Amino acid sequence: MSEESNLYTFENETYRKTYWHTCSHILAQAVKRLYPEVKLAIGPSIDEGFYYDMDSPFPFTPEIMEKIEGEMRKICKEKLKLERFELPRAEAVKFMEEKGEPFKVELINDLPEDAAISFYKQGEFTDLCAGPHLDSTGRVKGNAIKLTACNAAYWRGDSSRETLQRIYGIAFPKKDELDEYLQRIEEAKKRDHRKLGKELGLFMLRDEGPGFPFFLPKGMTLKNTLLDYWRQVHKKYGYVEISTPIMLNRQLWERSGHWDHYKNNMYTTVIDEVDFAVKPMNCPGGMLVYASEPHSYKELPLRVGEIGLVHRHELSGALHGLFRVRCFNQDDAHVFMTREQMQDVIQETVRLFDEVYSTFGLSYTIELSTMPEDHIGTVEEWERNQDILKAAITDMGKDFVVNEGDGAFYGPKLDFHLADSLGRTWQCGTIQLDSQLPERFELEYTGEDGQKHRPVMIHRVVLGSIERFIGVITEHFAGAFPLWLSPVQVRILTVTDRADAYAGQLAKALDGKGFRVETDLRNEKIGKKIREATLEKVPYMLVVGDRDVENQAVSVRTRGGEDLGAMSLEAFAAKLEEEVDSKAIL
RNA sequence: GCUAGCGUGGCUCAAUGGCAGAGCACAUCACUCGUAAUGAUGGGGUUGUGGGUUCGAUUCCCACCGCUAGCUCCA
């Protein structure tokens with residue numbers, strides 16, 4: 001019964017998608033009424049809202065978008081019935097040809113032989129569509145529709161084909177819900193790491209180096225703290241750490257396959273008439289380290305980590321704050337092993353990922369990326385490796401989606417995606433299975449049998465790029481990092497200058513215990529000092545005035561606005577220590 | 001790279017085909033004030049860069065650079 005009553009609410013995903021699908025048809029109808037010369041392509045509902053792609057001889061400016069929105073409201077009021085009908089292929093093609101819709105004709109021609117070719121008619125407007133739809137445009141609440149953006153999109157996602165204009169929209173059954181949604185988006189934008197990074201003094205980007213981030217003192221503290229933690233975890237899991245050069249010669253990149261597969265994205269130069277490339281990945285250097293001495297099966301799996309600075313010439317349009325940059329630090333590692341050890345090593349790596357992500361309270365989704373067209377190695381090898389990855393995570397009871405053809409050129413991979421404040425996901429962790437590079441670099445180990453064998457390896461990163469990960473956690477915590485990560489953990493605020501000397505003693509004592517502490521001795525009112533420390537998300541403020549000097553105490557306030565009252569420095573330090581050690585997320 | 005929009009002191013943002021403005025920040029002075037902004041005064045801008053139109057351009061036009069959104073890409 002209750003299921004029945006939920007059938008026509010947005011709680012029901014099918015209904016929601018249907019509602020938005022009808023909205024996209026209303027959008028198309030509105031555009032065709034206002035601008036009949038526009039050619040329609042395709043208009044599905046998506047996870048959040050709907051869009052319609054079309055080819056227009058003029059750009060859709062904000063004014064035009066507003067006009068279209070108005071027309072959409074009108075169509076809702078007209079309560080047009082949506083009627084479904086089917087046509088045989090030849091007639092369907094003819095129908096859309098007569099309407100002058102070349103994209104629709106192409107779609108019909110590409111439908112499978114036995115597919116039903118269905119249309120939906122609403123008033124004077126008819127669109128090719130598999131459905132389903134609402135029964136009337138009157139079901140859509142006109143004043144709860146909002147066109148949110150207009151962007152370019154390639155026809156059928158193919159960058160060699162027409163550039164269409166995609167109009168995005170969102171709609172709800174009630175105006176209140178639309179307002180609430182828009183409000184939520186506004187709130188989410190306040191967590192944007194680009195905004196917070198500037199406000200909190202973490203990093204900066206400059207025109208002089210597009211995509212090359214500068215880390216400021218506070219951001220550097222955060223980065224170093226993160227790396228300290230990373231080293232601690234990896235030590236526990238049996239990793240050793242190396243560092244390989246940032247630039248290596250062309251011969252090496254040809255051997256690894258990068259020169260062939262990745263040249264356009266590499267920064268290259270000529271030194272003494274020899275081509276060199278700045279590394280876009282750490283692995284070839286790692287191969288050389290492995291190959292530099294003989295190995296025994298007793299050493300395997302051999303876990304070798306490297307925080308490596310890599311440079312990749314990404315397309316300018318793809319750059320995005322710290323999420324997509326042109327130079328970044330990968331928390332890379334290569335694990336060399338026997339074939340028999342593969343599943344165990346993958347599972348051990350996933351456990352390490354779980355430990356790291358849960359420390360930050362982050363949840364992820366896993367994608368399995370399979371063989372791309374442009375690959376090295378045999379199909380059998382690829383399938384075998386894909387099956388091992390699949391089995392390893394299935395065995396651990398984890399869900400994943402398959403990303404067909406998106407593997408690295410040398411092997412299939414498991415990608416771990418984390419979400420930003422607006423729900424867009426970014427690949428952070430990855431586990432890439434590789435039996436190609438060991439081949440190319442002729443890596444060997446001596447087996448129990450005294451014979452030479454070829455190891456296999458994984459390439460893996462947990463944080464992915466330190467830069468991207470810092471962006472993700474900045475948004476995740478809205479800049480209010482857990483105590484252990486906070487660039488400034490404690491700020492001592494004086495009420496009057498009579499407490500300056502005492503504040504200095506406190507700072508020295510806390511610094512001596514290993515805490516990151518600042519003093520604010522400015523001749524400002526205490527309210528102002530508190531306000532600023534709060535806005536800077538400093539976890540703890542120590543307010544010290546005459547009273548505290550006299551009692552040799554500290555008055556503690558949190559960035560959450562909580563007044564913890566007066567306590568001894570020792571009691572406060574003990575509290576800090578406990579919170580840092582537990583890496584608590586408050 | 002593609003399409004559209006945007007680019008004004010350190011930051012957030014006004015304004016205009018005719019002397020470029022506010023708040024915050026910064027400096028100086030006064031105030032010594034106990035839990036989210038004390039007041040006064042002052043300095044700071046070739047309005048992203050380069051061309052063009054115009055008596056005059058920050059505003060209009062062109063190119064380039066950068067940013068934003070999405071598309072494409074992401075070994």
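Protein chains get the first letters and strands the later ones, always in sequence-line order, with residue 1 at the start of each. Values in this document were obtained by computation on a predicted structure and should not be read as measured data.
Nucleotides B:rA14 and B:rA30 have their P atoms positioned 38 Å apart, rounded to a whole Å. Separation of the C1' atoms belonging to B:rC29 and B:rA36 is 26 Å when rounded to the nearest angstrom. Here, B:rU59 and B:rG17 have their C1' atoms 7 Å apart, quoted to the whole Å. Nucleotides B:rU32 and B:rU68 have their C1' atoms positioned 47 Å apart, rounded to a whole Å. The same atom, P, is picked in B:rU58 and in B:rU46; the two are 12 Å apart, to the nearest Å. Annotation: B:rU72 and B:rU16 have their C1' atoms spaced 40 Å apart (nearest Å). Taking atom P on both nucleotides, B:rG9 is separated from B:rU3 by 28 Å, rounded to a whole Å. For the C1' atom pair drawn from B:rU38 and B:rG45, the interatomic distance equals 29 Å after rounding to whole Å.
Residue A:Arg194 places at least one side-chain N or O under 4.0 Å from the OP1 or OP2 atom of B:rU68. Contact check, A:Arg326 against B:rC74: no side-chain N or O comes under 4.0 Å of OP1 or OP2. Dashed line: the shortest gap from a side-chain N or O of A:His313 to OP1 or OP2 of B:rC74 is not under 4.0 Å. At the phosphate of B:rU12, neither OP1 nor OP2 sits under 4.0 Å from any side-chain N or O atom of A:Lys190.
Below the 3.5 angstrom threshold, one finds a donor paired with an acceptor across the side chain of A:Asn151 and the base of B:rA69. A:Asp497 contributes a side-chain N or O that forms a donor-acceptor pair with the base of B:rU32 under 3.5 Å. Side-chain N/O atoms of A:Tyr154 and base N/O atoms of B:rG1 include a donor-acceptor pair closer than 3.5 Å. Checked by distance alone, A:Arg324 brings a side-chain donor or acceptor within 3.5 Å of a matching partner on the base of B:rC73. If you check distances only, the side chain of A:Asp548 does reach the base of B:rG34 with a donor-acceptor pair under 3.5 Å.
The aromatic ring centres of A:Phe203 and A:Phe214 sit 6.0 Å or more apart.
At a threshold of 4.0 angstrom between heavy atoms, the contacts of A:Tyr51 with the nucleic acid are absent. At a threshold of 4.0 angstrom between heavy atoms, the contacts of A:Lys198 are confined to the sugar-phosphate backbone, with no base atom among them. Within the 4.0 angstrom heavy-atom criterion, base atoms lie near A:Leu535. Residue contacts for A:Ser555: at a heavy-atom cut-off of 4.0 Å it reaches a base atom on one of the strands shown. Base engagement by A:Ile530 is indicated by at least one non-hydrogen atom pair under 4.0 Å involving a base atom. Within the nucleic acid shown, A:Lys525 comes within 4.0 Å of at least one base atom, counting heavy atoms only. Residue A:Arg557 is in base contact, counting any heavy-atom pair closer than 4.0 Å across all strands shown. Contact annotation for A:His258: base contact, defined as any heavy-atom pair under 4.0 Å involving a base atom. Among the atoms of the strands shown, only primed sugar atoms or phosphate atoms (P, OP1, OP2) are found under 4.0 Å from some heavy atom of A:Gly157. Using a 4.0 Å heavy-atom criterion, one finds that A:Arg522 contacts no nucleic acid atom at all. A:Gly317 comes within 4.0 angstrom of a base, heavy atoms only. Nucleic acid contact for A:Pro280: base, since at least one base atom lies under 4.0 Å from a heavy atom of the residue.
As the counterpart of B:rG66, B:rC6 is assigned, both hydrogen-bonding distances of the Watson-Crick or G-U wobble pattern falling under 3.5 Å. The pairing partner recorded for B:rU58 is none, the criterion being a Watson-Crick or G-U wobble arrangement whose two distances lie under 3.5 angstrom. When both pairing distances are held under 3.5 Å, B:rA15 makes no Watson-Crick or G-U pair with any nucleotide shown. Across all strands shown, B:rA37 remains unpaired; no Watson-Crick or G-U wobble contact has both distances below 3.5 Å.
When the nucleotides B:rG34, B:rC74, B:rG70 are ranked by their closest atom to the side chain of A:Asp546, B:rG34 comes out on top. Closest approach to the A:Val543 side chain among B:rU38, B:rA25, B:rU35 is made by B:rU35 (side chain taken as heavy atoms from C-beta onward). Checking B:rA69, B:rG34, B:rU35 against every side-chain atom of A:Val495, the shortest atom distance belongs to B:rG34. Candidate nucleotides B:rU35, B:rG34, B:rA36 were compared by shortest atom distance to the side chain of A:Thr534, and B:rA36 ranks first. Nearest to the side-chain atoms of A:Thr496 among the listed nucleotides B:rC2, B:rA4, B:rC33 stands B:rC33.
At whole-Å resolution of the value, CZ in A:Arg531 and P in B:rA37 are 7 Å apart. Note: CD (A:Glu48) to C1' (B:rG70) measures 15 Å, nearest angstrom.
Side chains of A:Cys428 and A:Val472 form a contact here, defined as non-hydrogen atoms less than 4.5 Å apart.
Taking the six-membered ring where the residue is Trp, A:Phe353 and A:Phe416 present perpendicular rings, their angle passing 60° and hence far from 30°. Taking the six-membered ring where the residue is Trp, A:His320 and A:Trp426 present tilted rings, their angle falling between 30° and 60°.
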Could you please spell out the steps behind the side-chain hydrogen bond (donor to acceptor under 3.5 Å, both in side chains) verdict for A:Thr244 and A:Lys279? CA-CA 10 Å; A:Thr244 66; A:Lys279 66 178 175 183; 3.2 Å; yes

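Taking a cutoff of 4.0 Å between a charged side-chain nitrogen and a carboxylate oxygen, A:Glu101 and A:Lys39 do not qualify as a salt bridge. Using a 4.0 Å cut-off between charged nitrogen and carboxylate oxygen, A:Arg250 and A:Glu254 count as a salt-bridge pair.
Between the side chains of A:Asp53 and A:Gln165, no donor N or O sits under 3.5 Å from an acceptor N or O. Judged purely by distance below 3.5 Å, without hydrogens or angles, the side chains of A:Asn264 and A:His313 never pair a donor atom with an acceptor atom.
Place A:Val556 and A:Leu319 on RNA chain B by their nearest nucleotides, and A:Val556 ends up nearer the 5' end.
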